[in-house]
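Computed from a predicted model, the values in this text were never measured in an experiment.
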Amino acid sequence: MRVDVVTIFPDYLAPLDLSIVGRARRSGAVDVHVSDLREHTTDRHRTVDDTPAGGGAGMVMRPEPWGASLDAVVASGRDAGAEGLPRLLVPSPAGLPLTQAMAGELAAEDWLVFACGRYEGIDERVLDEAGESGLFSAVTPVSLGDYVLCGGEVAVLAIVEAVVRLLPGVLGNPASIVEESHSAGLLEHPAYTRPATWRGRQVPATLMSGDHARIARWRRDRALERTAQRRPDLLAALPPGALDDADLAALSVAGWSPDRVREGAGEQDL
């Protein structure tokens, strides 16, 4: 996978050379390129913003440097042998919410380009032009959540890590992806390790039993309980038939009434 990031703060993306993403870069699983938007300005002050059309607070990023920068990124990728059309991602509080499902979708792409906005955002004509230019397969504004950051760089760090860890061969144990939060529509169960006793607190006995069926059921029950307590909206989004009788019993213990549980699971017959 090739990843291009356009920003006015290239150093902000330095963490992409660390940890799992850094190892993936060194192994060749992902090829990351960071470009400075200011290299495509034409005035001596290297200006990238201006006042909002129609008035108002803040500043808006000008279209000229963005258009030139995105053209250059695509050309550079082509020169390096990248094939197909890249997908343009624009971090924005007005974007689609990043989910595990979206991360999986993005992990199937061969080439991602990120446009890191600042201030009040990027002139909307840049996104419109990118979508109609034929240079990109799609233009997707993406949001980390219902809050506002100073710029898109933090979001890019999160999105790239969420995507890269799903690429084949990046994680040492592929099974960890299957069991983690959101992989099956639930939050992950609590995790424990050695020692068996720490400050008077015990690892749950079931996990020490060696009975794999009991352990699997315990983990499933704890995941259901945690999801009911912290993210009941995830239960409501489960497809019909996603919960069996044992699941419903665990949720009832967690404080969900049977009717509410079945409604949340999408079941029609109460």
Side-chain angles (χ1 to χ4, degrees), residues 15 18-24 27 29 97-108 144-147 157-270:
L18 302 175
S19 188
I20 290 174
V21 178
R23 290 200 301 270
S27 73
L98 177 67
T99 63
Q100 191 67 15
M102 178 185 284
E105 175 188 326
L106 296 177
L144 291 189
D146 296 335
Y147 50 87
L157 293 175
I159 297 169
V160 170
E161 182 161 311
V163 170
V164 168
R165 65 190 301 278
L166 298 179
L167 298 178
V170 169
L171 292 186
N173 184 359
S176 62
I177 296 175
V178 177
E179 298 180 356
E180 64 192 4
S181 291
H182 304 292
S183 60
L186 301 175
L187 300 183
E188 189 175 5
H189 56 77
Y192 299 87
T193 186
R194 290 184 289 268
T197 302
W198 176 75
R199 295 187 179 181
R201 299 175 183 274
Q202 306 287 330
V203 172
T206 298
L207 298 180
M208 309 295 288
S209 68
D211 186 328
H212 296 297
R214 284 182 60 206
I215 291 171
R217 184 68 251 173
W218 183 93
R219 287 175 170 166
R220 175 75 173 177
D221 289 350
R222 301 296 83 72
L224 289 162
E225 292 169 1
R226 176 176 280 184
T227 305
Q229 294 164 0
R230 301 180 184 179
R231 291 292 304 278
D233 57 300
L234 295 178
L235 292 175
L238 290 175
L243 302 178
D244 59 21
D245 289 342
D247 294 336
L248 296 176
L251 285 169
S252 296
V253 171
W256 281 55
S257 69
D259 287 349
R260 184 181 178 190
V261 171
R262 289 186 171 85
E263 181 181 355
E267 298 202 6
Q268 302 300 316
D269 299 322
L270 302 182

- prompt: Who passes side-chain hydrogen bond (donor to acceptor under 3.5 Å, both in side chains) against Glu225, sequence neighbours left out?
  reply: Arg222
task: Find out whether Leu186 and Leu224 are in side-chain contact, i.e. whether some heavy atom of one side chain is under 4.5 Å from a heavy atom of the other.
output: yes
field: Contact summary for Leu238 and Ala184, nearest pair of heavy atoms
entry: CD2-O, 4.0 Å
Name the atoms and distances for all side-chain donor-acceptor pairs under 3.5 Å in residues 208-218, with sequence neighbours left out.
{"from": "Ser209", "atom 1": "OG", "to": "Thr206", "atom 2": "O", "distance (Å)": "2.7"}
{"from": "Ser209", "atom 1": "OG", "to": "Asp211", "atom 2": "N", "distance (Å)": "3.2"}
{"from": "Asp211", "atom 1": "OD1", "to": "Ala213", "atom 2": "N", "distance (Å)": "3.2"}
{"from": "Asp211", "atom 1": "OD1", "to": "Arg214", "atom 2": "N", "distance (Å)": "3.1"}
{"from": "Arg214", "atom 1": "NH2", "to": "Thr206", "atom 2": "OG1", "distance (Å)": "3.3"}
{"from": "Arg217", "atom 1": "NE", "to": "Asp221", "atom 2": "OD1", "distance (Å)": "2.9"}
{"from": "Arg217", "atom 1": "NH2", "to": "Asp221", "atom 2": "OD1", "distance (Å)": "2.7"}
{"from": "Arg217", "atom 1": "NH2", "to": "Asp247", "atom 2": "OD1", "distance (Å)": "2.7"}

query: Would you find a donor on one side and an acceptor on the other, under 3.5 Å apart, between the side chain of Arg165 and the backbone of Leu171?
result: no
Contact summary for Leu166 and Ala107, nearest pair of heavy atoms: CB-CB, 4.0 Å
- line: Between Ala24 and Val170 the two heavy atoms that sit nearest each other are CB-CG2, 4.1 Å
Qualifying side chain to side chain donor-acceptor pair (under 3.5 Å) pairs with a residue from residues 191-201, counting only residues at least two apart or across chains: Thr197-Gln202
task: Not counting sequence neighbours, which residues clear side-chain hydrogen bond (donor to acceptor under 3.5 Å, both in side chains) with Asp233? List them please.
output: Arg231
statement: Distance col, row Leu235:CG vs Leu243:CG, nearest 0.5 angstrom, shows 6.5 Å
- prompt: How far apart are the C-alpha atoms of Leu187 and Gln229, what are their side-chain angles, what is the distance that settles it, and do they pass the side chain to side chain contact (heavy atoms under 4.5 Å, CB included) test?
  reply: CA-CA 10 Å; Leu187 300 183; Gln229 294 164 0; over 6 Å; no
query: Which residues pass the side-chain contact (heavy atoms from CB on, under 4.5 Å) test with Ser19, sequence neighbours left out?
result: none
task: State, yes or no, whether a side-chain contact exists between Ile159 and Leu144 at a heavy-atom distance under 4.5 Å.
output: yes
message: If you compare all heavy atoms of Ala228 against all heavy atoms of Ala254, which two are closest, and at what distance to 0.1 Å?
response: CB-CB, 4.4 Å
query: Between CZ of Arg220 and CG of Asp244, what distance do you get to the nearest 0.5 Å?
result: 7.0 Å
task: Sorted by first residue and then second, give each salt bridge (charged side-chain N to carboxylate O under 4.0 Å, His left out) pair with at least one member in residues 97-107; sequence neighbours left out.
output: Arg87-Glu105
